[in-house]
Amino acid sequence: MSKPSLPQGTRDFGPDVVRKRNYILNTIKKVFELYGFQPLETPAMENLDSLMGKYGEEGDKLIFKILNNGLDNKEKEKQLREDFEKVLEGKNNKGITERALKYDLTIPFARFVAMNHNQLTFPFKRYQIQPVWRADRPQRGRYREFYQCDADVVGSNALLNEVELANIYQEVFSQLGLKDCTIKINHRKILAALAEICGGLEKMMDITIVIDKLDKIGLEKVKEELVGRGLDAEQVTIIEKYLGISGSNDERIAQLKTLLGENANAKKGIEELEYLYLKFATNDSTLAVDFTLARGLNYYTGIIFEVAAPPSVKMGSIGGGGRYDDLTGLFGVPDIPGVGISFGVDRIYDVMEELNLFPADIHISTQVLFFNLGETESQKAFELMQQLRKKGISSELYHENVKFDKQFKYAEKKNIPYVVIIGEKELEEGSCGVKKLSTGLQENISFNEFLNYPFA
RNA sequence: GUGGUUAUAGCUCAGUUGGUUAGAGCAUCAGAUUGUGAUUCUGAGGGUCGCCGGUUCGAGCCCGGUUAGCCACCCCA
């Protein structure tokens, strides 16, 4: 037996980490509920059909496929060998694999809506917090198993939904104490307009992919790559102007109008962006129109979001989303539009860790530790402990009668703020010692008063 | 999936051109202390040097492979 290990890109979460993660997740959940969203869970695995082709060519490669059972069936050996040949050619084959781990939460959600649209009341607002899997090569902040945390509204074209989602972002990050996050917004139709003017709509994919890299590789490289993807000098110049747009939201919109204003798609996009950021209006600095925002995923058709971590930490986006007009169409149910956002929980965790934003009392679980000082002593302690627990104060009795030193150290390690000492002497007096570890102060309290002691 | 880089005690790391029995700090455990936790002092345990193979009289060190972490590309949260 070799040393136990984990599959590449996966992690165990110890108690401390789970507490911190739950702090983030519970905050997000509370806000989702506050805005009227309902919970949904879908299976870890989906039929491979449901996932393939939904995330682009690259995405397909990153889907974790599950090997079928019964491949050792001798009676089917010939067929299976033929099937496997096809797998070797890079094609999926139902004989070998027909299920896969889910790659994100949006497509399974679309599948759910397509299957249940007759029963759902629209607009259907759901949130979903579950792990997803990608066969990507891990790096800092990138894992093969990670949690996504999504909220979507389907069955409504109203831009009010975008306003609500932007507010959810703002509310969550403010509750988590993450100042200086920027919610960047752009519109797919604006990118489409740019593509129409620069070489046609079929160039949109190329253009968005390259634009997306701007802050990583810089303007010069972007221009080079655009030429490499078949754009001429004039078109590159327009894109350069487009990328150079800067200033306040109003100023940016004005500049875009002069550049692309005649285009119908651009007009529509501008109109919707204006609606969103004017309506949002609580704090202009957190919602920023950013025309360099592209987002790779193909199914977005309207406003797109991305949340940038505070500039003081080096971290990519910690959230993203957008509007898709026909997601369930992929599953044979057309005309159900939707819009959604996603929180990058692992990255938010890293950012909060780096900025030291987790509350100090997050590790307190047990509030009171009863010392164990003998059989009859601990019997009394047990009795009092159960009464404390009934009052909702989480408590423990040390498991054996050992010296003080050990019991104190246990309390310290578990961050237990109070210890209760009941020994022979206390039993006789009908009292107990209550010691607050942070101050070192100890009080003697009668058993009668004990239950009203303010452990806080 | 392509390329680069790293791997030594539970943790953070030393370890000379290849040469006896691989070290330190922190942590753990025991004792000084049979009813009071930062501390101090004394002592102890802990390692197939990631794993497999090769070169060599001899490998933690050199070579090949493999696994995992990190970094870049691709893509993305």
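Quick note on labels: first sequence line is chain A, next is B, and so on, each numbered from 1.
- Using a 30° and 60° split on the angle between ring planes, A:F408 and A:F371 fall in the perpendicular class, above 60°.
- With hydrogens and angles ignored, the 3.5 Å screen pairs no side-chain donor or acceptor of A:Y23 with any backbone N or O of A:V18.
- For the P atom pair drawn from B:C61 and B:A7, the interatomic distance equals 11 Å after rounding to whole Å.
- We find that A:R142 and A:D136 are joined by a salt bridge, their nearest charged nitrogen and carboxylate oxygen being less than 4.0 Å apart.
- For the pair A:R126 and A:F109, the cation-pi test (distance below 6.0 Å, angle within 45°) is passed.
- Distances were taken from every side-chain heavy atom of A:R137 (C-beta onward) to each of B:A72, B:U36, B:C74; the shortest belongs to B:A72.
- A:G440 comes within 4.0 angstrom of a nucleotide base, judged by non-hydrogen atoms across all strands.
- Across the C1' atoms, B:C52 and B:U48 are found 12 Å apart, a figure rounded to whole Å.
- Residues A:A135 and A:K403 each lie close to RNA chain B; by heavy-atom proximity, the contact nearer the 5' end of the strand is made by A:A135.
- Residues A:E225 and A:K213 are paired through a salt bridge, judged by an N-O separation under 4.0 Å between the basic side chain and the carboxylate.
- Nucleotides B:G54 and B:G43, compared at atom P, are 44 Å apart to the nearest Å.
- Checking A:K425 against A:L62, the closest nucleotide of RNA chain B that is more toward the 5' end is the one next to A:K425.
- Atom P of B:G60 sits at a distance of 14 Å from the matching atom of B:G53, rounded to the whole Å.
- Residue A:G141 is in base contact, counting any heavy-atom pair closer than 4.0 Å across all strands shown.
- Ring-to-base geometry does not place A:F404 in a stacked arrangement with B:G37 (centre distance under 5.5 Å, plane angle under 30° required).
- Side-chain proximity of A:D136 to the nucleotides B:G37, B:C71, B:G1 is greatest for B:G1.
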Strand RNA chain B in bracket notation, Watson-Crick/G-U under 3.5 Å with | for pairs to another chain: (((((((..((((.....[...)))).(((((.......))))).....(((((..]....))))))))))))....
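- With both ends at atom P, the span from B:A77 to B:U67 equals 28 Å, rounded to whole Å.
- Checked by distance alone, A:R140 brings no side-chain donor or acceptor within 3.5 Å of a matching partner on the base of B:C71.
- As judged by a 4.0 angstrom heavy-atom cut-off over every strand, A:R347 is placed among the base-contacting residues.
- Listed pair A:K406 / B:G31 fails the phosphate criterion, with no side-chain N or O lying under 4.0 Å from OP1 or OP2.
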Check against side-chain contact (heavy atoms from CB on, under 4.5 Å), A:K20 and A:Y349: CA-CA 8 Å; A:K20 290 187 200 166; A:Y349 181 98; 3.5 Å; yes
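- When heavy atoms are screened at a 4.0 angstrom cut-off, A:E58 is found touching the sugar-phosphate backbone but no base atom.
- Looking at heavy-atom distances under 4.0 Å, A:E426 makes contact with a base.
- The phosphate of B:G37 (OP1 or OP2) has no side-chain N or O of A:Q407 nearer than 4.0 angstrom.
- As rounded to the nearest Å, B:C62 and B:G1 have P atoms that lie 28 Å from one another.
- Nucleotides B:G4 and B:G45 have their P atoms positioned 44 Å apart, rounded to a whole Å.
- Remark: C1' of B:U34 and CD of A:E424 are 12 Å apart, rounded to the nearest angstrom.
- In this structure, A:F371 reaches neither bases nor backbone, as no heavy-atom distance under 4.0 Å exists between it and the strands shown.
- Residue A:K213 has no polar side-chain atom (N or O) positioned under 4.0 Å from OP1 or OP2 of B:C73.
- Here the P atom of nucleotide B:A77 and the CD1 atom of A:I304 are 12 Å apart, to the nearest Å.
- Residue A:G9 is in sugar-phosphate contact alone, with no base atom involved, counting any heavy-atom pair closer than 4.0 Å across all strands shown.
- The gap from the P atom of B:C75 to that of B:C13 amounts to 34 Å, rounded to the nearest Å.
- In this structure, A:L373 reaches neither bases nor backbone, as no heavy-atom distance under 4.0 Å exists between it and the strands shown.
- Taking the six-membered ring where the residue is Trp, the centroids of A:Y127 and A:F37 are separated by 6.0 Å or more.
- Distance A:K409 NZ to B:A38 C1': 10 Å, rounded to the nearest Å.
- Between B:U67 and A:Q8, no contact under 4.0 Å exists linking OP1 or OP2 to a side-chain N or O.
- With A:F13 as the aromatic partner, A:R21 meets the cation-pi criteria of under 6.0 angstrom to the ring centre and within 45 degrees of the ring axis.
- Rounded to a whole Å, the CZ atom of A:F173 is 14 Å from the P atom of B:A77.
- Taking the six-membered ring for Trp and thresholds of 30 and 60 degrees, A:Y398 and A:Y410 have ring planes more than 60 degrees apart, a perpendicular arrangement.
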